[in-house]
Amino acid sequence: QVQLVESGGGLVQAGGSLRLSCAASGRTFSRYAMGWFRQAPGKKREFVAAIRWSDGSTYYADSVKGRSTISRDKAIDTVYLQMNSLQPEDTAVYYCAADHLGGFTGIKYQVSEYAYWGQGTQVTVSS
């Protein structure tokens, strides 16, 4: 059973930075896609960033491109989301997600494409 545990959320002022972590366990993740999503109050869960575990290929939502970086540490099965220049509109619960790629060679960025989810970590950006 895949388990994902997020950490690193908190309260930060606009313009600040946070690094979210997602500790993954229960599988060998070499053929997995890992993603970060977020959900603000009253809004749908939306894609933020994704990474292919095997080769490190990444994909970002336009809203965070250029100010966020997704990465993974294979030695400790952890995925990170470094977020810089945070703005109040980045306030949301951030979720880590994982899914087996099988023979898929692309990047998964839809909520429905991910089978495993963490419990989420709150990020609040004050103006």
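Numbering of residues begins at 1 and proceeds along the displayed sequence.
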For residues 62-127, the disulfide (SG to SG under 2.5 Å) pairs (sequence neighbours left out) are C22-C96
So the disulfide (SG to SG under 2.5 Å) pairs with at least one residue in residues 98-127 (sequence neighbours excluded) are none
For [X] against [Y], the heavy-atom pair lying closest together:
X: S17; Y: S85; answer: OG-N, 4.3 Å
X: P88; Y: A14; answer: CD-CB, 4.2 Å
X: Q1; Y: R27; answer: N-NH1, 3.0 Å

Is there a side-chain contact between [X] and [Y], using heavy atoms and a 4.5 Å cut-off?
X: L11; Y: Q122; answer: no
X: L101; Y: W53; answer: no
X: V64; Y: W36; answer: no

Applying ring-ring contact (aromatic ring centres under 6.0 Å, His included) to F37 and not counting sequence neighbours gives F47, Y114, W117
Sorted by chain and residue number, the ring-ring contact (aromatic ring centres under 6.0 Å, His included) partners of Y116 (sequence neighbours excluded) come out as none
Give a yes or no on whether [X] and [Y] share a hydrophobic cluster (residues Ile, Leu, Val, Met, Phe, Trp, Tyr; joining criterion: side-chain heavy atoms under 4.5 Å apart).
X: L4; Y: V93; value: no
X: I70; Y: V2; value: yes
X: I51; Y: I107; value: no

**Asked** Heavy-atom count around Q13 CD within 6.0 Å, excluding the residue itself: above 12?
**Response** no
For [X], give me all partners under side-chain hydrogen bond (donor to acceptor under 3.5 Å, both in side chains), at least two apart in sequence or on another chain.
X: Q39; result: R45
X: D99; result: K108
X: Y95; result: none

Sorted by chain and residue number, the salt bridge (charged side-chain N to carboxylate O under 4.0 Å, His left out) partners of R19 (sequence neighbours excluded) come out as none
Between the OG atom in S71 and the CE atom in M34, the distance rounded to the nearest 0.5 Å is 11.5 Å
Taken to the nearest 0.5 Å, the spacing of S30 OG from H100 NE2 works out to 7.0 Å
Does anything in [range] form a salt bridge (Lys or Arg N to Asp or Glu O under 4.0 Å)? List the pairs, not counting sequence neighbours.
range: residues 57-73; result: D62-K65, R67-D90
range: residues 112-126; result: none
range: residues 115-127; result: none

Expected list for residues 74-83: side-chain donor-acceptor pairs under 3.5 angstrom, two or more places apart:
unit_1	atom_1	unit_2	atom_2	d
K74	NZ	S54	O	3.3
T78	OG1	I76	O	3.0
Q82	NE2	N84	OD1	2.9

